[in-house]
2 protein chains.
Amino acid sequence: MSDEAPGIDPTSSVPKHLQLKDLLGRMIADGLQPGSPIPSERDLAEQYGLSRMTVRQAINALVADGRLERRLGRGTYVAQPKMDVQIRLVGFTEDMRRRGMTASSRTLSFERIHASSALAAHLEVESGEPVVRLVRLRYADGIPMAIERTHLPERLVPGLVEAGAPESLYRYLAEEYGIVLTWGEQSIEAATTAAEDAPLLGIRSDGVVLVMARRSFAEDVQVEYATSAYRADRYQLWVPLAQAARPIVRNP
Amino acid sequence: MSDEAPGIDPTSSVPKHLQLKDLLGRMIADGLQPGSPIPSERDLAEQYGLSRMTVRQAINALVADGRLERRLGRGTYVAQPKMDVQIRLVGFTEDMRRRGMTASSRTLSFERIHASSALAAHLEVESGEPVVRLVRLRYADGIPMAIERTHLPERLVPGLVEAGAPESLYRYLAEEYGIVLTWGEQSIEAATTAAEDAPLLGIRSDGVVLVMARRSFAEDVQVEYATSAYRADRYQLWVPLAQAARPIVRNP
DNA sequence: TCATGTCACCGGACTAGACCACCGCCCCCA
DNA sequence: TGGGGGCGGTGGTCTAGTCCGGTGACATGA
């Protein structure tokens with residue numbers, strides 16, 4: 001509470017443009033309304049004792065993140081909060097929270113298995129390598145929503161099986177193992193329910209589900225291979241679309 | 001063929017950093033293998049008579065596009081071609097091309113209708129306003145893949161109905177009307193086939209389909225509302241996942 | 001009253017340097 | 001022969017300017 005006007009620490013090893021980006025990011029999150037202007041580049045440069053190029057670097061990063069908006073000849077403004085420009089690597093709990101529903105889950109099994117050749121290929125491990133397998137029935141607002149089968153190489157999460165199934169896997173990975181997922185890929189398709197899943201999900205045995213397979217990575221290391229079956233009558237995905245890349249033309 | 005070493009035109013109204021970005025982008029597309037280095041920032045600056053900051057601006061843009069990769073202390077390298085970081089706003093034809101299949105299509109109907117209240121809401125037009133409706137059966141490698149129902153406000157595409165159904169709608173919009181789609185949003189869900197669609201798609205009447213609804217925009221103007229039903233046995237979506245945004249924390 | 005032109009201020013572009021940390025290689029010394 | 005240190009090149013950061021074109025408010029004049 002002493003530093004009521006936090007500034008840039010020129011002695012810090014953190015680059016100034018990142019310090020300023022953080023500072024502005026906090027200003028935006030804390031107080032500024034969407035549409036309201038931030039100080040001009042020249043003002044910020046003077047106020048924090050930086051050159052204008054450095055200020056621009058910080059602002060550019062926030063513009064790239066979609067949090068600010070430049071208007072030529074006018075100023076820089078706090079952007080309207082928009083939908084994520086990309087599907088995020090979030091777990092079920094967070095996904096449901098964003099949809100305004102309450103997530104809960106029932107663990108159906110939690111065990112150490114040995115990777116089949118198919119699983120080994122999906123998880124980038126050796127065939128036969130120990131793998132932690134977690135099968136959960138996922139509820140949203142108390143009603144079955146999905147069945148999720150998660151697989152993790154055991155060498156990345158020693159002791160996990162013994163510790164029992166965590167409430168939020170992603171959070172547990174971060175807190176206990178320091179594993180923060182940084183990117184992933186996911187396939188999406190439609191299918192009819194597997195016979196054994198139907199009663200768990202509370203749908204007919206030929207009910208329709210949205211099947212997703214996810215591979216998640218922390219930097220270059222694959223951490224997770226998960227398949228999920230979501231009840232088609234309760235779940236819908238929403239994705240933003242970016243402009244198509246301009247085809248490469250020789251003589252434009 | 002005269003300008004064998006195209007350079008930067010300092011008199012052009014196109015900013016130099018964009019000219020250089022284009023130049024480098026073409027170099028990457030034309031010849032350089034993934035993993036091979038591009039000239040150093042200092043070399044490029046000298047070669048094209050630019051300051052290093054300008055060169056960095058061009059390179060930064062390509063890095064943001066995922067086409068280059070910086071390695072500290074070593075250099076800048078052509079990135080491994082990766083999947084699009086985002087689902088692109090491409091039509092069926094382009095989508096199939098990317099999947100290595102040949103697209104064709106049969107027009108089932110192409111007419112002027114008046115917007116129902118539901119359609120009006122989806123298309124951001126007035127209820128009753130004239131709308132062009134195009135229903136097509138889409139084939140990939142000659143086999144039915146999807147049924148697509150596209151709606152466009154007629155005021156944006158006068159004369160389209162009279163001209164007949166174009167081969168590639170998106171290209172036709174760009175060439176004839178100067179309408180270039182810049183962004184969109186799409187919902188995805190699983191469902192069973194509508195009874196009338198099943199025989200067209202060549203699947204059972206209770207067959208499973210992936211249903212997508214797309215709204216496409218050119219800048220701020222909505223241009224298209226399209227619903228599609230894809231055969232679940234032939235179509236799979238693939239999406240990349242970005243790292244979850246750090247939740248906003250007041251006192252980190 | 002209303003149109004027009006001026007002007008201050010904004011972001012956009014660009015320069016020509018500076019110093020730093022990092023990386024890989026090569027040479028020299030143990 | 002093997003290990004370590006030095007060195008040159010690289011990207012990362014940062015400065016202190018300049019000039020340009022777009023914007024909007026305000027003053028001025030018809």
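Naming convention: chains lettered A, B, ... in sequence-line order (proteins, then strands); numbering from 1 in each chain. Please read these numbers as outputs of a predicted model, since none were measured by experiment. The analysis underlying the following values was restricted to heavy atoms, covering all of them including side chains, and did not include hydrogens, waters or symmetry mates.
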Check every atom of C:dC14, D:dT15, C:dC10 against the side chain of A:Asp43 and return the nucleotide holding the closest atom. C:dC10
Among D:dG12, C:dA13, D:dC14, which nucleotide has an atom closest to any side-chain atom of A:Ser51? D:dC14
In this structure, how many angstroms lie between the P atom of D:dT13 and the CG atom of A:Asn60, rounded? 13 Å
Could you check which of D:dG12, C:dC14, D:dG24 has an atom nearest any side-chain atom of A:Arg74? D:dG24
Establish, with yes or no, whether the OP1 or OP2 oxygen of C:dG11 is under 4.0 angstrom from a side-chain nitrogen or oxygen of A:Thr76. yes
Salt-bridged, A:Glu162 to A:Arg112, with N to O below 4.0 Å? yes
Rounded to the Å, how far apart are A:Arg42 CZ and D:dT15 C1'? 16 Å
Round to the nearest Å and state the distance from B:Arg52 atom CZ to C:dT15 atom C1'. 14 Å
Of the nucleotides C:dA18, C:dG11, D:dT10, which one has an atom closest to the side chain of A:Glu41? C:dG11
Strictly below 4.0 Å: does B:Lys16 bring a side-chain N or O up to OP1 or OP2 of C:dG12? no
May I have the distance from A:Glu69 (atom CD) to C:dG11 (atom P), rounded to whole angstrom? 13 Å
Side-chain atoms of B:Pro15 come closest, of C:dC10, D:dC14, C:dC14, to C:dC14
Tell me the interatomic distance from A:Arg56, atom CZ, to C:dG11, atom P, rounded to whole angstroms. 9 Å
If the cut-off is 4.0 Å, is B:Arg70 near the phosphate of D:dG12, judged by side-chain N/O to OP1 or OP2? yes
At less than 4.0 Å, is any side-chain N or O atom of A:Thr54 found next to OP1 or OP2 of D:dT15? Yes or no. yes
Length of the CE-P vector between B:Met53 and C:dC14, whole Å: 12 Å
Option from B:Glu224, B:Gln222, B:His122 for which side chain to side chain donor-acceptor pair (under 3.5 Å) with B:Arg215 holds: B:Gln222
Any donor-acceptor pair under 3.5 Å linking the side-chain atoms of A:Glu124 with those of A:Tyr225? no
For atom CD of B:Gln57 and atom C1' of C:dC14, their distance in whole Å: 9 Å
A:Leu50 CG - D:dT15 C1' separation (whole Å): 10 Å
Which nucleotide in the set D:dT13, C:dC22, C:dT15 lies at the smallest distance from any side-chain heavy atom of B:Leu72? C:dC22
Evaluate A:Leu181 against A:Val223 for side chain to side chain contact (heavy atoms under 4.5 Å, CB included), listing each step before the verdict. CA-CA 8 Å; A:Leu181 302 177; A:Val223 174; 3.7 Å; yes
Assign each of A:Gln19 and B:Ile38 to its nearest nucleotide of DNA chain D by heavy atoms, then name whichever residue's nucleotide is nearer the 5' end. B:Ile38
Do B:Arg71 and B:Tyr77 form a cation-pi contact, if we require the NZ or CZ to be under 6.0 Å from the six-membered ring centre and within 45 degrees of the ring's axis? yes
